[in-house]
Structure formats: C-alpha cells, structure tokens
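Computed from a predicted structure; not experimentally measured. We name chains A, B, ... by the order of the sequence lines, and we start the count at 1 in each one.
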2 protein chains.
Amino acid sequence: MRSGIKQVAEHAGVSIATVSHVINNTRYVSDEIKRKVYEAMEELDYRPNSAARSLRSQKSNTIGLIVPVLPSDTSNFFFMMVAQGIQFTLKQHGYHLLLSNNTTEQIEDEQEQIKLFNSKLIDGLFIASIAEDVSYLNEIVRSNYPVVFIDRKPAGYNGDSVLADGLGGAYEAVKTLIAKGHRRIGLLTGELGITTSNERYEGYQKALADHGIPWDPSIVKVAESNFESGYEGVKALLAEHDITALFIANNVLTMGAMRYIQERRIQIPAELAVIGFDDYDWTQITSPPLTVIRQPSYEIGVKAAEIMLKRIENPSAGSKEYRLPTALIMRDSC
Amino acid sequence: MRSGIKQVAEHAGVSIATVSHVINNTRYVSDEIKRKVYEAMEELDYRPNSAARSLRSQKSNTIGLIVPVLPSDTSNFFFMMVAQGIQFTLKQHGYHLLLSNNTTEQIEDEQEQIKLFNSKLIDGLFIASIAEDVSYLNEIVRSNYPVVFIDRKPAGYNGDSVLADGLGGAYEAVKTLIAKGHRRIGLLTGELGITTSNERYEGYQKALADHGIPWDPSIVKVAESNFESGYEGVKALLAEHDITALFIANNVLTMGAMRYIQERRIQIPAELAVIGFDDYDWTQITSPPLTVIRQPSYEIGVKAAEIMLKRIENPSAGSKEYRLPTALIMRDSC
DNA sequence: CTGAAAGCGCTTACAG
DNA sequence: CTGAAAGCGCTTACAG
C-alpha cells in the first residue's frame with residue numbers, strides 16, 4: 001500500500017492540514033515541524049496523489065498538446081522539436097505534457113481530442129490547429145484554461161501565439177536568390193490557408209515586388225506537405241517552366257524535391273539554385289549541402305511553454321503574438 | 001460551471017449510481033432509463049471528471065512514456081516514430097499518453113521521471129531505458145503497473161519487451177556486403193551496453209564468422225550516437241584503415257557519416273560501399289540513395305501499445321519478448 | 001501558529 | 001432491477 005498524507009501526518013505527529021501546507025508552502029509552519037514532516041515524507045517515500053489533488057484543486061498540472069503529424073509522415077521534425085522544447089520547459093516547472101497527434105487532419109478529430117483533454121482537467125492547451133478559424137474553441141474551451149497557438153495563428157479565439165517569422169524568412173531567401181542574379185525564381189510551398197504557408201508566400205511575393213521582378217503565378221506550385229508532393233512538385237515545375245532558382249517553403253517538401261533533383265542528377269546550383277526551409281541535420285548531407293532558412297523549432301517550444309506558464313499564473317486578458325526570428329544558413333546550393 | 005454526474009442524474013431523474021453504471025456499462029440498466037441518461041448527458045454536454053474517476057478507481061487511463069532523446073539531437077526519428085505508434089493505438093482505446101524525454105541520459109533522471117509518473121497514478125509505463133540493469137524498478141514500480149520495454153531489453157525487472165531484430169538486420173547487411181565481394185568491412189556503431197548496439201555488433205561478427213572472414217577489431221568504431229561522432233567516426237576509420245565497405249548501425253551515426261563522405265566527395269559505392277540503419281525519407285536524398293536496414297519503428301510503437309493494453313486487462317505473470325523483423329532496402333550505396 | 005472537518009466528483013459494495 | 005451512502009486522498013475555508 002502506498003502511503004498517503006494521513007500516514008505522513010501520523011508519522012510526524014501533526015495534522016494532515018499541516019502536512020499539506022508544508023508540501024505546498026502555503027502557510028507558515030515552524031521549522032521544527034517542517035523538519036519532522038519532511039522526515040516523515042522521506043521515510044514513507046510519500047508522493048502526493050495527483051488525482052486527489054486535481055479533484056480538490058481543479059488543477060491537474062498537466063497541459064495538452066495537439067499537433068498534426070501524419071503517421072505516414074516520417075519526415076516531420078518540426079513539431080517533434082517543438083514538442084521537445086515544450087516538454088523540457090514544462091518538466092522543469094513540475095508540469096506534465098499530454099500528447100496527442102491529429103493523425104487524420106480532420107477538424108472533428110481536433111475537437112474530439114480537446115474534449116478528451118477537458119475531462120482530464122488540463123490546465124492549458126498548446127495547439128497547431130489545422131483550421132483557419134477556431135471559433136469552435138469558444139464552446140469547447142470556454143476560457144477555462146489558456147490556449148497557446150503554435151506555428152499557426154488561427155482566427156476566432158483569444159490566445160497567445162508563438163511562431164517563427166515566416167514572412168521575413170521567405171523574404172530573405174528570395175532576396176538572396178535575387179542577389180545571386182536570379183529572376184526566374186520558382187516557389188514550392190505547402191497548402192495555403194494556414195498562416196504559416198500564407199506568410200511564406202507573402203514573403204516570396206514581397207521580395208520579388210521590392211526588386212521589380214514581376215510575379216508569375218505559373219512558377220509557384222502549391223502542394224500538400226508530404227514527400228511525394230515535393231517530388232512531383234519540382235518535377236512539374238522543371239518540366240513546364242524555365243526557372244533558374246527555387247525556394248521551397250517547408251522541410252518535408254524540400255526533402256521530396258531533393259529526391260527528384262538527385263534522381264535526375266540536376267546540378268545544384270549550376271542548373272538550379274535552391275533554398276530550403278528548416279535546418280535539420282539531413283540538409284547537410286545532400287550534394288551539395290543545402291542553403292536553408294532556419295526556424296528555431298525547439299526554441300518555439302520553449303517559448304510557448306514559458307508563455308503558457310505565465311498565463312496560468314496570471315490569466316490576464318489580451319493575447320500577444322510572439323515572433324521568433326529565422327536565419328539564413330548559407331551553404332552550397334545557391 | 002461544468003456539469004457533473006449529479007446534474008445528469010437529476011436531469012434524467014435517476015440516481016447517480018445509475019448514471020455511473022450506464023457510463024461504464026457495469027450493470028444492467030433498462031433501455032428506457034439508459035436512453036434518458038444518454039439524453040441528459042448529451043444535453044448537458046457531460047464529460048466525466050477523470051480526476052475523480054482516478055481517485056476513486058485507482059486507474060488513470062494514462063500511460064507514461066520515457067525515451068532518451070537529447071535536445072541537441074535533431075535527428076532522432078526512431079523514438080519519435082515509436083511514440084507516434086504508441087499514441088495512435090492508445091488513443092483508440094481511450095488511453096492518454098504522458099510524454100517524458102530523458103534529456104540528460106542520467107539514470108537518476110530516469111528514476112525521477114518515473115516517480116513523477118507514479119504520483120499521476122499511471123496505469124503503465126513504456127521505457128527505453130538507458131540502463132543495462134533496471135532492478136531499481138523493483139523499488140519504484142513494485143509491480144503496481146505493467147512495464148513494457150521498447151527498443152532495449154534491460155535486465156533486472158520483469159516486463160514485456162518489444163524490439164526489432166537487430167541481430168538479424170545487422171547480419172543481413174553484412175552478408176549483403178560480403179556477397180558483393182567485400183572482405184574489409186568496417187562497423188560504425190553506437191555505444192555498447194544497451195542491447196540494441198550489442199546485438200547489431202553481434203550480427204556483424206556472426207556474419208563475418210559464418211563467411212570465414214576474420215574479425216578485425218581495429219575496423220570497428222564504437223561511438224556516441226550523435227551527428228558529430230558519425231562524422232568523426234568514418235573519418236577515423238577511413239584515415240587509418242583500408243576498408244572497402246562500411247556498415248553503420250544506427251541512423252544518427254549514418255547521417256553524420258554521410259556528411260563526411262559527401263564533404264570529401266568519396267565515391268559510393270565505388271570507393272566505399274555503405275549500408276545504413278533505419279529507413280527514413282532522408283536516406284533517399286543522398287548521392288547515391290542509401291541501402292539501409294529498415295526497422296519498423298512506428299509498428300514497434302503500435303505493438304508495444306497493444307501488449308500494454310493486454311497486460312493492463314490481464315496482469316498475468318511471465319514476460320514475453322516481441323521481435324519485429326527488419327528488412328533490407330536495397331538502393332544504390334552498395 | 002495549528003487542527004478538525006467539509007467537500008471536490010466519481011465508483012462500488014451493500015440493501016432492498 | 002435501482003438507490004443511498006461510504007470513501008478515494010487531497011485542499012482550504014473556518015475556528016481557536
């Protein structure tokens with residue numbers, strides 16, 4: 001039998017109220033008694049039962065995370081890194097992370113997950129929603145706990161958001177390509193709708209505009225974010241159009257695209273200059289190593305967790321947007 | 001205010017006992033009453049409070065997962081895929097997954113994590129322990145819930161284990177290299193001690209022995225599993241020894257090794273034949289695409305979850321080991 | 001400065 | 001076939 005607060009109280013010769021207060025540091029207890037309580041806890045290897053604690057205090061010390069990662073997607077580092085950053089930070093503050101993948105990319109699934117989390121009395125929710133508009137949160141979450149949006153900033157609900165500066169990153173990539181003399185610069189990007197893709201597209205357009213290059217919609221390819229689409233995407237782009245450079249706006253598409261490029265022995269950067277998105281180790285092992293826009297994925301997780309902890313302490317109104325800078329990592333592909 | 005079982009009972013005009021029983025399907029209730037209860041639950045959007053449920057039933061419907069993934073390790077797909085497989089399967093059975101990374105690779109950290117999980121009343125634990133001997137579990141877990149070991153099979157505690165057939169995979173890789181005419185086959189592998197590395201080493205030795213090739217310890221390099229070590233590992237191997245082929249026994253080392261190989265423009269397979277471990281998308285974008293031993297990582301997660309669910313239902317004694325087959329994926333690097 | 005006691009929302013013997 | 005009630009292990013007003 002595991003021992004509870006009652007056993008500790010008996011062992012220390014005090015009331016359970018006192019034990020509770022020394023555990024939570026929630027009112028003055030004399031040093032002498034404190035010592036006794038700690039000793040008793042030590043001796044009995046006491047661990048507070050968090051179900052009881054949650055039930056009573058309506059707090060679970062647990063925060064939910066919902067990310068859209070398909071099981072087929074053996075390449076999506078981004079959310080995995082974010083999750084790690086979150087978990088690491090939460091752990092240091094005594095919080096647990098409940099993980100859920102939305103594997104279907106259905107909005108109903110997302111809602112169902114949140115309902116499940118609700119019955120676990122989560123203290124907060126991190127979500128990379130697949131929806132553009134999350135007003136459904138008004139009914140499901142009802143401001144019972146803070147919501148922090150990661151990577152994407154959907155409309156319709158009040159919550160902080162933590163994202164990378166996708167516009168700036170895309171802008172820098174395209175500007176770099178332009179500086180190298182390219183004018184026919186293709187874009188391969190994920191499906192529009194979520195802010196992430198929208199912003200990168202915008203950055204691309206803005207860079208072209210700022211440098212007086214007309215925007216040619218026929219050399220931008222919008223594709224589902226998976227390896228296959230990356231492969232087919234460059235293939236189509238190269239078959240039909242005379243581009244000399246390509247900016248690929250996410251890491252999964254980049255990987256698929258590189259497969260096609262390496263298969264056809266297309267010379268980089270001689271025949272085609274490329275800049276990819278996200279800086280993971282594998283971008284260094286292609287031939288040549290890829291120039292990429294780095295997003296601080298782990299740091300996004302850390303930041304999101306910090307924001308969440310603050311919100312839990314101080315649920316003041318008003319939401320804020322946190323932008324983490326991207327960086328151009330120059331290698332040999334352009 | 002969220003509504004509880006009491007409100008549902010009132011609304012349906014029955015006792016809370018009856019409501020509880022229809023929720024849990026735990027004793028006969030007439031169809032008529034059942035209908036009323038369901039209606040009431042629907043109407044009030046009732047979600048059982050799982051803290052209360054856990055406190056009362058000593059079950060949390062939550063299972064913990066501890067994996068050793070370093071924050072610096074932007075390459076470790078394996079456990080991420082396993083985690084996904086676990087979470088997907090658990091979700092379908094109404095279980096939640098509590099995630100924890102052991103980011104320090106300290107055994108004390110591992111123990112601390114488990115203690116934290118204990119106070120959350122987890123119903124089970126998945127662990128890829130960094131320890132060879134986990135007898136400490138006897139004190140911490142005390143058979144309070146089943147433990148399923150993933151990827152590694154440490155000694156000292158009774159639990160099922162789910163792993164890939166590392167010995168067979170390594171054997172097949174080396175055999176393939178031998179069949180291609182190689183006799184000086186190097187090995188780059190992760191640190192010994194955990195069963196995973198041990199077995200792959202064994203497979204390597206066995207394949208050599210079975211084909212009458214003397215085992216030369218000077219061409220095996222044991223290294224920490226990270227990108228840097230992979231890079232330095234091949235570098236050392238190639239500088240000092242005349243190997244014509246190389247088997248790299250895990251994916252992180254493979255990535256680092258490929259970096260060195262591509263940097264030095266070493267021709268594969270002409271100058272060096274290589275077979276890597278783990279089949280992730282990025283193994284297709286190197287030049288040439290890599291021949292690898294595929295481990296079914298997602299499936300290991302699914303299997304582990306299934307075993308866990310069975311154990312929870314039926315905590316019979318005796319543990320079993322489940323081996324999932326590996327497969328040689330032939331591409332162009334050998 | 002510390003304790004006795006109510007109550008969080010459920011499940012589950014016990015009655016009838 | 002269904003209900004009244006005890007109790008899981010805590011936290012936190014309320015007293016003194």
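The aromatic rings of A/Phe149 and A/Tyr157 sit perpendicular to each other, their planes meeting at more than 60°, with 30° as the lower class boundary.
Following rounding to the nearest Å, A/Arg56 (CZ) and D/dA13 (P) show an atom-to-atom distance of 8 Å. At whole-Å resolution of the value, OH in B/Tyr46 and P in C/dG9 are 10 Å apart. Between the C1' atom of D/dC10 and the CG atom of A/Asn61 lies a distance of 14 Å, rounded to the nearest Å. Taking atom CG on B/Leu121 and atom C1' on C/dG9, their separation rounds to 15 Å, with Å as the unit. Distance, A/Met41 CE to D/dG9 P: 17 Å, rounded to whole Å.
Using a 4.0 Å heavy-atom cutoff across all strands shown, A/Ser30 reaches sugar-phosphate atoms only and no base atom.
Taking every side-chain heavy atom of A/Arg53 into account, D/dC10 is the closest of D/dT2, D/dC8, D/dC10.
Taking 4.0 angstrom as the limit, A/Ser54 places none of its side-chain polar atoms (N or O) nearer than this to OP1 or OP2 of D/dC10.
A salt bridge links A/Arg35 to A/Glu32: one of the charged nitrogens lies within less than 4.0 Å of a carboxylate oxygen.
At distances below 3.5 Å, at least one donor-acceptor pair connects side-chain atoms of B/Ser50 with backbone N or O atoms of A/Ser119.
Stem analysis of DNA chain C (at least three stacked-register Watson-Crick or G-U pairs, each with both distances under 3.5 Å) gives C:1-3 with D:14-16, C:5-12 with D:5-12, C:14-16 with D:1-3.
Between A/Arg27 and A/Lys6, the residue anchored closer to the 5' end of DNA chain D is A/Lys6, taking for each the nucleotide with the nearest heavy atom.
Only B/Ile16, B/Ala17, B/Ser20, B/His21, B/Asn24, listed by number, bring a heavy atom of residues 9-25 of chain B to less than 4.0 angstrom from any atom of DNA chain C.
With a 4.5 Å cut-off on side-chain heavy atoms, A/Tyr298 and A/Ile86 do not count as touching.
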